[in-house]
Amino acid sequence: MSTTTTAGMEESGAGARPLANLDHPPNSRLFLVISKSTPEEVIRDKFSYYGEVQDIWVVRDKQTKDHKGIAYVKFAKSSQACKAMEEMHGKALTEDTKPIKVFIAQSRGSGSHRDVEDEELTRIFVMIPKSYSEDDLRENFKEFGDIEYCSVIKNKTTGESKGFGYVRFLKPSQAAQAIENCERTFKAILAEPRNKQNIFSENEYMNAPRQDATVYGTGYEPSRVQNTSPFGEFGSFGMSEVRGGENISTCLSVTTRGVLTHEQVYSIFDLIPGLECCEIQRDPYMGYSKGYALIRYNNVASAVYAREKLNGFEYPPGNRLGVSYVEDESGDRRSNPVGMMALQLVAAQMMSMVCGGPTGQQMMPPPVSTELQAYGGSTSTTQISRLQVDFSVPPCQQFAPVESAVRERLFVVFNPAVLPLDILEDLFCRYGNLIDVYLVPGRNIGYVKFAERANAAEAMEALHGKVVNGVKLKVMLADPPREESHKRQRTH
DNA sequence: CGACGGGACGC
DNA sequence: CGACGGGACGC
């Protein structure tokens, strides 16, 4: 007995299930072909460099105990296993032994002994906003490694994005790192190889010998050109002008492509104190613009704040508001140089607040962009401070691990419209141990999963009845999920 | 009142 | 060629 207990090394072992761990996370275990003379310790020496080695198993004949020249190395992460594979494959472990082979091991239940090819380990599948171009994808994922190509899947006839895409990396370790470390809203997973159907090997006994067809031209050209986003430039707004000589005013015009009701516009702009007037204008001559509104505050600071915070804001989601200053009909302060200087001064002070001074909590929380980056990574386009509340909220907290058990679920009703997912995650994560926010498509409702009941209770207590980004929330305990019954009519 | 999940590529 | 062990939740 070797008694070196490879699996016993992890401290404070929650005993856990030994077998299940071997396939979690996926592709974190290596299959080695080595010399029959190589002992476990040599493997450990060489491979622990690449990360947390959780288990090493040198395969021996059941009866004779002969070393069969095969070993398995389990890492904590797929990226560690992939890196080790990339660097150790073809290397000799000691001077007197042959070069070894290193592959990602087939998952334990698969029964297949076919080598896992790099082809299957380098392409990831991601969910993305409809507005994303290939370039946006590349921008978001280039930090994880060398990208061979990006593709965004679009409706062939309309050209509209379907909301997902593919990123092919050069190396498996790069794809693995992208999956492990990209923003969770991407829901990145390894892509299924093109030629195969979605086949889950959940204890399926397949009689027909399927040809595993290892030979396939990729037949997929990285179309690197094309694709100028038809949605126009994003990210041109933000903390811009002010000093750039915009005509600051207490009056704002609001343009929107979609129709907004007076109540909707009012509820948004009334989040900022000092709203004096909110008029919806309907202008049949406005062409594409379905409407616009005029806003007036009783002070210039509020107007500046509103302009900075709400210009470019999506409300409802997908509908970007345009907010700009318009002539203050009553005000002639601008004609007066002193009055103008006063305005600029106030504006500058407002801007410094907006841009992250320690103030401003009672009106709205400071911009959350820095916190977003804390759990996000590259926030690609635009993103002004998106979360807007008129009550105080705790700072952002780490999400609970995706695989956490769901200890409580909240049911949320939005009025008059749902909020974007990133805002909701930004909001609910602040109460701790958030697992996931799910919005029911086409409805103004959603569910929020927590890994701890106390956090859910806190969120519910703090947020029920509140207005967030102009949207009123009802936050309640969710009823238990509907049973997924056996009915499976109507697949598509 | 307001109740339940999300994913696949034209060679 | 080169593919699957050992150990065992505990107040």
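Here the structure is a predicted model, which means the values were calculated and not measured.
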- Quick note, A:Ile445 side chain, CB onward, closest among C:dG2, B:dG2, C:dG5 is B:dG2

- Message: Nearest whole Å is fine: how far is C:dC1 P from A:Lys36 NZ?
- Response: 11 Å

Reckon [X] touches a base, only the sugar-phosphate, or nothing at all at heavy-atom distances under 4.0 Å?
| X | value |
| --- | --- |
| A:Phe411 | base |
| A:Phe103 | base |
| A:Lys62 | sugar-phosphate |
| A:Leu439 | nothing |
| A:Asp436 | base |

- Item | Chi-angle category of B:dC9 [syn within 90° of 0, anti beyond] | anti

- Query: Going by number, which of residues 455-463 of chain A have a non-hydrogen atom under 4.0 Å from DNA chain B?
  - Reply: none

- Query: Does A:Arg168 count as lying over the ring of A:Tyr149, i.e. NZ or CZ under 6.0 Å from the six-ring centre, within 45 degrees of the axis?
  - Reply: no

- A:Arg108 vs C:dG5: side-chain N/O to OP1/OP2 distance below 4.0 Å: yes

- Check whether any side-chain nitrogen or oxygen of A:Arg60 sits under 4.0 Å from OP1 or OP2 of C:dG5, and answer yes or no. no

- Query: Between the side chains of A:Asn21 and A:Gln54, is a donor N or O closer than 3.5 angstrom to an acceptor N or O?
  - Reply: no

- Query: Of A:Asn444 and A:Lys449, whose closest DNA chain B nucleotide lies nearer the 5' terminus?
  - Reply: A:Asn444

- Message: Using modelled atom types and a 3.5 Å cut-off, is there a donor and acceptor pairing between side-chain atoms of A:Lys466 and backbone atoms of A:Ala462?
- Response: yes

